Number of protein chains: 2
Amino acid sequence: MNAPLAKFDPKLDLMLERDIDVPVERVWQAWTTPAQIREWFVPKPWTIASCEIDLRPGGAFNTVMRSPEGEEFPNMGCYLEVVPNERLIWTDTLLAGYRPAPKPFFTAALLLAPNGSGTRYTAIAMHGEEAARQRHEDMGFHDGWGTVLDQLVAFIKQSR
Amino acid sequence: MNAPLAKFDPKLDLMLERDIDVPVERVWQAWTTPAQIREWFVPKPWTIASCEIDLRPGGAFNTVMRSPEGEEFPNMGCYLEVVPNERLIWTDTLLAGYRPAPKPFFTAALLLAPNGSGTRYTAIAMHGEEAARQRHEDMGFHDGWGTVLDQLVAFIKQSR
């Protein structure tokens with residue numbers, strides 16, 4: 001039994017919560033399968049150049065985002081909790097195998113719950129300092145995570 | 001099943017490995033019980049002013065060290081893996097509940113294995129950058145961790 005997630009703190013954390021009309025199992029697959037991540041994980045016309053998923057605590061969650069101009073931005077992280085169809089927690093404060101990351105920024109939690117035939121979708125980004133939360137917000141957290149959630153739903157619907 | 005610990009890298013990591021003549025179970029208790037931590041965890045005449053242990057992944061591992069002059073130094077961390085009598089992994093890059101820590105520094109792994117009636121004791125400190133490893137070494141990692149291991153063994157023997 002794991003300890004509960006840190007309490008949401010509006011000064012430090014960001015949250016996107018939405019009811020979506022695709023089933024929990026499909027959302028989980030879209031988040032945990034490299035081939036599916038490529039389809040929705042970055043706002044188009046950005047693309048995913050590569051994705052490595054080792055879906056267990058301590059395992060890698062690494063993606064490389066590619067801008068329309070071809071510039072690449074790696075995002076390296078480590079899974080902390082993996083509960084299929086319910087919760088996925090990872091952090092970029094650690095690399096795979098729990099090694100501290102050179103540029104720690106946030107811990108993310110994806111919480112899924114069935115809602116009729118759809119899903120109550122909650123994504124939380126936790127930071128260690130107010131300035132980091134602010135930076136994430138200024139980078140476009142709400143727009144960005146909202147846009148890719150639209151893409152996720154569209155991808156699941158068109159691939160039924 | 002968790003992913004393996006990151007491969008030991010001498011540029012980034014520090015290790016203390018020793019065979020000690022006290023049983024694995026007693027070492028585990030000494031590391032995971034606040035009342036026992038107080039007896040050996042800091043080089044005397046330093047003391048432990050407080051200790052909070054929530055022994056599960058995501059749980060707090062917080063101690064406050066007190067200098068002989070009465071100055072207090074908090075160390076806040078989060079457990080990542082808890083396998084009784086075998087392995088204890090925690091990090092100060094996260095606080096309890098996986099919130100990123102304001103001043104991340106290292107991940108620690110305590111690995112225990114039976115060795116006759118004693119214990120093969122391995123403590124590893126992993127860092128994200130060479131400068132952090134060097135700073136930890138300069139702070140006296142080997143002397144410090146060696147001294148408290150002597151204290152741990154003496155504590156277990158005198159409390160038999």
Side-chain angles (χ1 to χ4, degrees), chain A residues 1-14 52-62 76-83 87-111 124-133 135-136, chain B residues 1-14 52-62 76-83 87-111 124-133 135-136:
Chain A
M1 183 65 183
N2 288 20
L5 201 62
K7 192 173 176 312
F8 186 84
D9 179 341
K11 284 206 293 287
L12 295 174
D13 304 329
L14 297 166
E52 179 189 0
I53 287 179
D54 180 5
L55 194 61
R56 48 186 177 165
F61 180 28
N62 299 337
M76 317 272 279
C78 177
Y79 289 114
L80 297 168
E81 283 191 31
V82 178
V83 184
R87 74 203 255 130
L88 188 64
I89 303 177
W90 71 101
T91 188
D92 72 3
T93 69
L94 298 169
L95 306 178
Y98 305 124
R99 177 177 300 289
K103 293 184 181 173
F105 184 40
F106 75 117
T107 294
L110 174 71
L111 310 176
I124 296 171
M126 298 194 298
H127 308 85
E129 296 178 318
E130 213 167 323
R133 192 268 303 150
R135 185 152 57 97
H136 209 166
Chain B
M1 183 65 183
N2 289 19
L5 201 62
K7 193 173 176 310
F8 186 84
D9 178 340
K11 284 205 293 285
L12 295 174
D13 304 329
L14 298 165
E52 179 188 1
I53 287 180
D54 180 6
L55 194 62
R56 49 186 178 164
F61 181 27
N62 299 337
M76 317 273 279
C78 177
Y79 289 114
L80 297 168
E81 282 192 33
V82 178
V83 184
R87 72 202 259 131
L88 188 63
I89 303 178
W90 71 100
T91 188
D92 72 3
T93 69
L94 297 170
L95 306 178
Y98 304 124
R99 178 179 298 290
K103 293 183 180 174
F105 185 40
F106 75 117
T107 294
L110 174 71
L111 309 175
I124 297 170
M126 298 194 298
H127 308 86
E129 297 179 317
E130 213 167 323
R133 193 268 303 150
R135 185 152 57 97
H136 209 167

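Numbers restart at 1 for each chain; the letters A, B, ... are given by sequence-line order, proteins then strands. Predicted model only: the values in this text are computed from it and were never measured.
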Taking the side chain as everything from C-beta on, heavy atoms only, tell me whether A/Met126 gets closer than 4.5 Å to A/Asp13. yes

Grab the two heavy atoms, one from A/Asn62 and one from A/Met76, that are nearest each other, plus how far apart they are. OD1-CA, 3.3 Å

For B/Lys7, which atoms come within 4.5 Å of any heavy atom of chain A: side chain, backbone, both, or neither? backbone

Using non-hydrogen atoms and a 4.5 Å limit, figure out which bit of B/Thr107 sits close to chain A: side chain, backbone, both or neither. both

Side chain proximity check, B/Leu80 to B/Leu94, heavy atoms < 4.5 angstrom: yes

Quick one: which of A/His127, A/Met1, A/Arg99, A/Lys103 has the most heavy-atom pairs under 4.5 Å with chain B, could you say? A/Arg99

Proximity breakdown for A/Pro102 and chain B, heavy-atom pairs closer than 4.5 Å: both

Under 4.5 Å from any heavy atom of chain A - which part of B/Pro4: both

Non-hydrogen side-chain atoms of A/Val82 and A/Leu88 separated by less than 4.5 Å: yes

If one checks every heavy atom of A/Thr93 against chain B at 4.5 Å, the contacting part turns out to be both

Residue part contacting chain A, namely of B/Asp92, when any heavy atom lies under 4.5 Å: neither

Would you call the rings of B/Phe105 and B/His136 parallel, tilted or perpendicular if under 30° counts as parallel and over 60° as perpendicular? tilted

Non-hydrogen side-chain atoms of A/Tyr98 and B/Asn2 separated by less than 4.5 Å: yes

Of B/Gly58, B/Gly128, B/Pro100, the largest count of non-hydrogen pairs under 4.5 angstrom with chain A goes to B/Pro100

Cut-off 4.5 Å, heavy atoms of chain A, and the answer for B/Leu95 is neither

Side chain, backbone, both or neither: which part of A/Tyr79 has an atom under 4.5 Å from a heavy atom of chain B? neither

With side chains defined as the heavy atoms from C-beta onward, is the minimum distance between B/Leu5 and B/Glu81 less than 4.5 Å? no

